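First the structure, in the form of structure tokens, and then the observations on it.
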Amino acid sequence: MKQLQADLREPGSPQGRSPGDRVNRRLKYMSLAVLVVQNASLILSIRYARTLPGERFFSTTAVVMAEILKGITCLILMLAQKRGNVKELVVYLYDAIIIQYMDTLKLAVPSLIYTLQNNLQYVAISNLPAATFQVTYQLKILTTALFSVLLLRKSLSRLQWGSLVILFIGVAIVQSEQSGGKETLSASGQNYVKGLIAVAVSCLSSGFAGVYFERILKGSSASVWLRNVQLGIFGTALGLLAMWQQDGPAIAERGFFFGYTPLVWCVIFNQAFGGLLVAVVVKYADNILKGFATSLSIVVSTAASVHLFGFNVDLPFAVGAGLVIGAVYLYSLPRTPDPALSSVNQTSSHKEAFLPKSVLTK
């Protein structure tokens with residue numbers, strides 16, 4: 001925390017900060033709070049809603065509702081940017097989505113993958129303890145880094161490669177320790193192996209979709225709201241298809257909103273608006289702050305899991321989670337310039353990022 005404060009000080013300033021720096025500092029810490037709360041609350045709320053006794057809501061309908069709400073919100077924000085001029089907005093959308101249809105079609109692949117990922121997250125969180133899911137899900141950093149190297153030809157520093165190894169070891173320790181609790185989960189109707197497979201596939205899909213999205217849209221001038229509308233079109237259509245394939249007969253019998261409670265609506269609104277909110281504040285958060293937020297959200301999720309779900313934090317889990325937290329933070333640290341490669345990379349080093357820069361908000 002002291003390092004974060006030091007990074008915000010203006011060199012040469014007698015008090016260390018100018019008024020502009022103080023505003024920037026507040027925005028950074030507000031961004032930190034938003035990132036931590038959104039990361040932790042979504043996982044905890046899904047886990048709590050999916051483990052309550054009684055009839056469960058259909059997770060496929062929740063994914064569709066989140067896409068619809070997110071799309072409507074983006075349309076409202078775009079209308080506000082057009083100063084309430086509906087005709088101008090319609091013309092703009094027609095040009096961006098219909099006329100430039102090839103640009104829109106590029107989003108079909110990442111939208112398909114993220115629809116799959118959103119459904120898999122419900123499966124994973126329904127079958128794994130929230131803290132275990134939060135720790136294991138950080139493997140998306142590993143998959144994103146590998147896909148960035150393979151598809152975007154990015155280079156990683158030795159520190160980043162080392163942090164990825166530490167990350168993998170930490171997750172492996174957590175999983176080896178948690179595998180001993182399979183019997184307890186099975187007794188409560190949860191399938192540990194099913195949850196583990198779901199989170200593994202979700203990590204792979206997250207890494208590939210993010211990198212693919214960056215590759216096809218690099219240099220695009222489209223706004224974040226337009227991109228989310230385009231993604232929402234495919235996401236809603238694909239989500240409806242998955243819903244009908246998986247739960248069609250049951251939904252036809254019980255209804256689309258079967259099992260919806262105020263808590264379920266909170267989960268849906270968090271998933272829909274939380275991602276958009278993060279997209280707004282993330283521009284104020286540098287790589288270190290994002291890494292710190294991810295690490296802190298693991299701590300928050302674990303502490304809340306102890307209180308809400310009676311989760312037992314033993315030594316192996318603490319060690320594994322600690323390694324993951326440390327690896328996430330180390331991976332987010334700025335790269336140290338390599339003197340031998342400085343002349344080659346000086347024009348491109350500023351483009352390196354903690355994760356691929358994507359306007360996608362799940």
Side-chain angles (χ1 to χ4, degrees), residues 1 32-33 35-53 56 120-143 145 161-204 206-207 263 267 290-333:
M1 194 65 73
L32 173 64
L35 291 171
V36 172
V37 171
Q38 202 278 332
N39 284 341
S41 64
L42 179 60
I43 294 171
L44 291 170
S45 59
I46 292 177
R47 176 66 179 176
Y48 190 73
R50 297 294 286 175
T51 54
L52 286 175
R56 286 184 176 181
L120 286 174
Q121 283 184 351
Y122 275 98
V123 175
I125 298 173
S126 299
N127 291 280
L128 294 175
T132 303
F133 171 83
Q134 181 79 306
V135 172
T136 308
Y137 193 54
Q138 300 314 309
L139 281 177
K140 65 183 179 181
I141 299 175
L142 173 62
T143 60
W161 280 116
S163 66
L164 292 177
V165 173
I166 296 173
L167 174 68
F168 183 82
I169 293 174
V171 171
I173 292 175
V174 169
Q175 289 303 324
S176 64
E177 183 272 334
Q178 289 292 300
S179 62
K182 290 180 182 178
E183 294 77 9
T184 303
L185 290 175
S186 299
S188 60
Q190 300 170 39
N191 189 321
Y192 182 87
V193 175
K194 182 179 180 180
L196 186 58
I197 293 174
V199 73
V201 177
S202 184
C203 288
L204 284 171
S206 176
L263 176 60
V267 171
K290 286 187 285 185
F292 187 74
T294 301
S295 300
L296 189 57
S297 66
I298 295 175
V299 176
V300 172
S301 295
T302 302
S305 295
V306 173
H307 176 71
L308 293 174
F309 312 115
F311 183 74
N312 180 36
V313 180
D314 52 19
L315 182 60
F317 180 88
V319 172
L323 289 174
V324 170
I325 291 171
V328 170
Y329 181 75
L330 289 174
Y331 190 85
S332 67
L333 292 177

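Quantities reported herein were computed from a predicted structural model and do not represent experimental measurements. In this chain, residues are counted from 1 in sequence order.
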Hey, could you give me the [atom1]/[atom2] distance between [X] and [Y], rounded to the nearest 0.5 Å?
| X | Y | atom1 | atom2 | answer |
| --- | --- | --- | --- | --- |
| Ser297 | Leu44 | OG | CG | 9.5 Å |
| Ile125 | Thr132 | CD1 | OG1 | 12.0 Å |
| Thr294 | Ile325 | OG1 | CD1 | 10.5 Å |

Are any side-chain N or O atoms of [X] and backbone N or O atoms of [Y], one a donor and one an acceptor, separated by less than 3.5 Å?
| X | Y | answer |
| --- | --- | --- |
| Arg47 | Leu128 | yes |
| Ser45 | Leu42 | yes |
| Ser41 | Val37 | yes |

Not counting sequence neighbours, which residues clear side chain to side chain donor-acceptor pair (under 3.5 Å) with [X]? List them please.
| X | value |
| --- | --- |
| Ser295 | none |
| Thr136 | Gln175 |
| Ser126 | Arg50 |
| Ser163 | none |

List the residues meeting side chain to side chain contact (heavy atoms under 4.5 Å, CB included) with [X], not counting sequence neighbours, and say none if there are none.
| X | answer |
| --- | --- |
| Leu142 | Leu139, Leu146, Leu164, Leu167, Phe168 |
| Val313 | Thr302, Val306, Phe311, Phe317, Ala318 |
| Ala198 | Leu120, Val123, Ala124 |
| Ala49 | Phe57, Leu263, Val267 |

Q) Considering residues at least two apart in sequence or located in another chain, which fulfil the ring-ring contact (aromatic ring centres under 6.0 Å, His included) criterion with Phe133? A) Tyr137
Q.
Between Asn39 and Ile43, does the side chain to side chain contact (heavy atoms under 4.5 Å, CB included) criterion hold? Intermediate values first, please.
A. CA-CA 7 Å; Asn39 284 341; Ile43 294 171; 6.0 Å; no
Q. Looking at side-chain heavy atoms only, is the closest gap between Ile298 and Gln138 below 4.5 Å?
A. yes
Which pair of heavy atoms, one from [X] and one from [Y], lies closest together, and at what distance?
| X | Y | value |
| --- | --- | --- |
| Val135 | Ala321 | CG2-CB, 4.1 Å |
| Gln134 | Ser301 | NE2-OG, 3.2 Å |
| Ala293 | Leu35 | CB-CB, 3.7 Å |
| Ile166 | Leu323 | CG2-O, 3.5 Å |

Q: Could you please spell out the steps behind the side chain to side chain contact (heavy atoms under 4.5 Å, CB included) verdict for Asn127 and Tyr192?
A: CA-CA 6 Å; Asn127 291 280; Tyr192 182 87; over 6 Å; no
